[in-house]
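Heads up, the thing below is written out as structure tokens.
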There are 2 protein chains.
Amino acid sequence: MNSLNAIRLFTASVDAGSFSEVGRRLGMAPSSVSRQVAALEDSVGAQLIHRTTRKLSLTEAGRLYFERVSRILAALDEATAAVSHLEESPRGVLHVNGPTAFGVRHVAPALPDFLARYPEVRIELTLTDNFVDLLEVGADVAVRVGELEDSSLIARRLAPNRRVLCASPGYLAKAGAPERPQDLADHNCLVYTRHHGNVNWNLGGPDGLAEVGVSGNLRTNNTEAVHAAALGGLGIALLPSWLVGQEVQSGRLVEVLPGYRAAPGALDTGIHALYPADRHLSTKVRAFVDFLVERFGPRPYWEETPSGKGGGH
Amino acid sequence: MNSLNAIRLFTASVDAGSFSEVGRRLGMAPSSVSRQVAALEDSVGAQLIHRTTRKLSLTEAGRLYFERVSRILAALDEATAAVSHLEESPRGVLHVNGPTAFGVRHVAPALPDFLARYPEVRIELTLTDNFVDLLEVGADVAVRVGELEDSSLIARRLAPNRRVLCASPGYLAKAGAPERPQDLADHNCLVYTRHHGNVNWNLGGPDGLAEVGVSGNLRTNNTEAVHAAALGGLGIALLPSWLVGQEVQSGRLVEVLPGYRAAPGALDTGIHALYPADRHLSTKVRAFVDFLVERFGPRPYWEETPSGKGGGH
DNA sequence: CTCATCTTTGCTTTATTTGCAAATATCATA
DNA sequence: TATGATATTTGCAAATAAAGCAAAGATGAG
């Protein structure tokens, strides 16, 4: 196949008017230029340049080829530049994928700041709760809460995923606050589970790990439903801090058994940004992930407490 | 610089959806395809394709690059095809250069036949009597009468360049016809010369070579002037057969000393077509030169005599 | 869970390209 | 006219790039 280099040397020779001059400008031997152009001529099957020791002149075929090929080379350089340009600074469309609840509460609110910092980026945010293949859906980066599937993607930790026992002040006034993990068995516990069967909450505290079987009059596979029920005063819930942290801060919910915390399970591996393990990570993805890390960590705003205690990792 | 091959493999991979498939189609190892595309990505500085063992998918940069580069490759192939096309059969502009007198009498009249045979050729005929550099003037082929300058051009012999002693019937009736070369000294000889000084005509005949000093009341550096004067009955002229051959045939001029002929000098090396010694001789030039050879040689029409004698080489 | 197929990487072999030097060609200049 | 400076081109050896092979890791189908 004919090489791009030969074509570039051909046009350069036409511009310079001499193979030697081209060699001088490009720092290569004149013989190489000569041979490349000769090879190009063989490749297209026509003489392109009449050669004299003193002067080069185009044949008709050469003129024709030069005209067309000059524009083509320019277009090719433009195409390359356009792509390289994309990488100079964050710009272009950034497809972000994430779970609905977390996305609505913490990703979407962050976007104005991000877009203000990088005005040339446009974001396409897709919130889905079923697991999607990043590449399948055309996403550049995904935010995942817990449960990292084993994949070729790179995971960057954005925040811890602590779970908090909490209930509304109304419920606690009526039912009292548990003082030890075992007390939970006597409370109406709002259970989030994806499976059937009994549910245990594992709580670590000053007296070690306690496993408590919990139950109540609401079981659901939807965290938001648990959340709503807890806000409504139905009972005690075990919910991620990113969901209830700010309500605990405002007092709409009260943390229960604050000396204890849920033992880290599969759901507690943290909140991560996932992106393809490509050798060339695009600047817009890097910028977005860096932005999220900066915004959330090391202690996310939803973990802040007025007294400075709690949360963290 | 990035190679054309890599770009072709990139687009082929996008089309095929798999490096292995491309390798299969193009008969090369999948690893080579993979490496070429990776090198292209390094070259443009951006990831173009997300790879999975099972599937390839374009990045935004890849989509952008693919769109532009596909068109560019097509344009490049078109440009190559256009040039190659030129060589499939004679077509395009053919620049022909030649001396005025011969061109008007024998080249221009031949062109209708040539153009009828090759309808896709357009001829640009430039007739000049000063020597021009073929390449300088942009000519593809030149017709030269005698005097071949030593150059890198290829010379193909089209016809002999015999010179003929002749005079008008009127002059011969008045002054008589010479019977031996020496008789020319007593005739009014019409001398073509570019220099000052005496002029000798060297005539070869049955009695060997005779050198005769000639003179008359007309000396000129223009062959056409000699020709016109001879037709007007002024005297005896030594003129190329291509100029007077047909007039001798028609009787408007009569050959003098037909048993003798001018000794070949620098002016008698023949009539040639000259064209560049390129490795790729264009088909239109080849066709034109072949056409002239066929039309003129081995015995040109202007050398024909009713009795079949004379002329030749 | 196993298998077939895909991409990638290390390693070796092969092909291409390069530079240098020499041969040849051309034009300017003495 | 002869000489010198500079051009293209070619042969040859060295350097560079590309290819294939085999193996390892990855992914989806059955």
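Residue numbering restarts at 1 for every chain, and letters A, B, ... go by the order of the sequence lines.
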Original post:
Are OP1 or OP2 of dT16(C) and a side-chain N or O of Gln36(A) less than 4.0 angstrom apart?
Top reply: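 So the side-chain polar atoms of Gln36(A) never come under 4.0 Å of the phosphate oxygens OP1 or OP2 of dT16(C).
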
**OP:** May I ask you to verify if any side-chain N or O of Ser18(A) is less than 4.0 angstrom from the OP1 or OP2 atom of dT6(D)?
**Re:**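 So the side-chain polar atoms of Ser18(A) never come under 4.0 Å of the phosphate oxygens OP1 or OP2 of dT6(D).
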
Original post:
Of Arg24(B) and Arg35(B), whose nearest nucleotide on DNA chain C comes first from the 5' end?
Top reply: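 With Arg24(B) and Arg35(B) compared, the 5'-side residue is Arg24(B).
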
In this structure, how many angstroms lie between the [atom2] atom of [N] and the [atom1] atom of [X], rounded?
X	N	atom1	atom2	answer
Phe19(A)	dT24(C)	CZ	C1'	16 Å
Ile49(B)	dT7(C)	CD1	P	10 Å
Leu153(B)	dT26(C)	CG	C1'	13 Å
Arg279(A)	dT9(C)	CZ	P	7 Å
Asn5(B)	dA17(D)	CG	C1'	12 Å
Glu21(B)	dC6(C)	CD	C1'	12 Å
Leu56(B)	dT5(C)	CG	C1'	13 Å
His50(A)	dT26(C)	NE2	C1'	17 Å

Subject >> Of Ser20(A) and Leu9(B), the one whose closest DNA chain D nucleotide lies more 5' >> reply: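 Whichever sits nearer the 5' end wins; that is Ser20(A).
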
Subject >> Asp129(A) side-chain N/O to Thr100(A) backbone N/O, donor-acceptor pair under 3.5 Å >> reply: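 Yes; at least one donor-acceptor contact below 3.5 Å.
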
Original post:
Are the side chain of Thr220(B) and the backbone of Tyr192(B) linked by a donor-acceptor contact shorter than 3.5 Å?
Top reply: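 Checked: no pair found.
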
Original post:
For DNA chain C, what residues of residues 25-34 of chain A have any heavy atom nearer than 4.0 Å?
Top reply: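 Contacts with DNA chain C under 4.0 Å: Gly27(A), Met28(A), Ala29(A), Ser31(A), Ser32(A).
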
Solution key, residues 17-27 of chain A side-chain donor-acceptor pairs under 3.5 Å, sequence neighbours excluded:
{"residue": "Ser18(A)", "atom": "OG", "partner": "Ser20(A)", "partner atom": "N", "Å": "3.1"}
{"residue": "Ser18(A)", "atom": "OG", "partner": "Glu21(A)", "partner atom": "N", "Å": "3.0"}
{"residue": "Glu21(A)", "atom": "OE1", "partner": "Arg24(A)", "partner atom": "NH1", "Å": "2.4"}
{"residue": "Glu21(A)", "atom": "OE2", "partner": "Arg25(A)", "partner atom": "NE", "Å": "3.0"}

Subject >> Residues in salt bridge (charged side-chain N to carboxylate O under 4.0 Å, His left out) contact with Asp15(B), at least two apart in sequence or another chain >> reply: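 Result, salt bridge (charged side-chain N to carboxylate O under 4.0 Å, His left out) vs Asp15(B): none returned.
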
**OP:** Kindly write out the residues that satisfy ring pair (Phe, Tyr, Trp, His ring centres under 6.0 Å) with Phe291(A), not counting sequence neighbours, or none if the list is empty.
**Re:**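 Phe291(A): ring pair (Phe, Tyr, Trp, His ring centres under 6.0 Å) contacts with Phe114(A).
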
**OP:** Return the set of residues passing ring pair (Phe, Tyr, Trp, His ring centres under 6.0 Å) with His106(A) (not counting sequence neighbours), or none when no residue passes.
**Re:**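 Once residues adjacent in sequence are excluded, the partners of His106(A) under the ring pair (Phe, Tyr, Trp, His ring centres under 6.0 Å) criterion are Phe102(A), Tyr301(A), Trp302(A).
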
Subject >> Donor-acceptor pair under 3.5 Å, Arg54(A) side chain vs dT8(D) base >> reply: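 Between dT8(D) and Arg54(A), which were checked side chain against base, a qualifying N/O pair under 3.5 Å is absent.
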
**OP:** Please collect all salt bridge (charged side-chain N to carboxylate O under 4.0 Å, His left out) contacts where either partner lies in residues 78-89 of chain A, sequence neighbours excluded, each pair once.
**Re:**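 Listed once each, the pairs are Glu78(A)-Arg68(B).
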
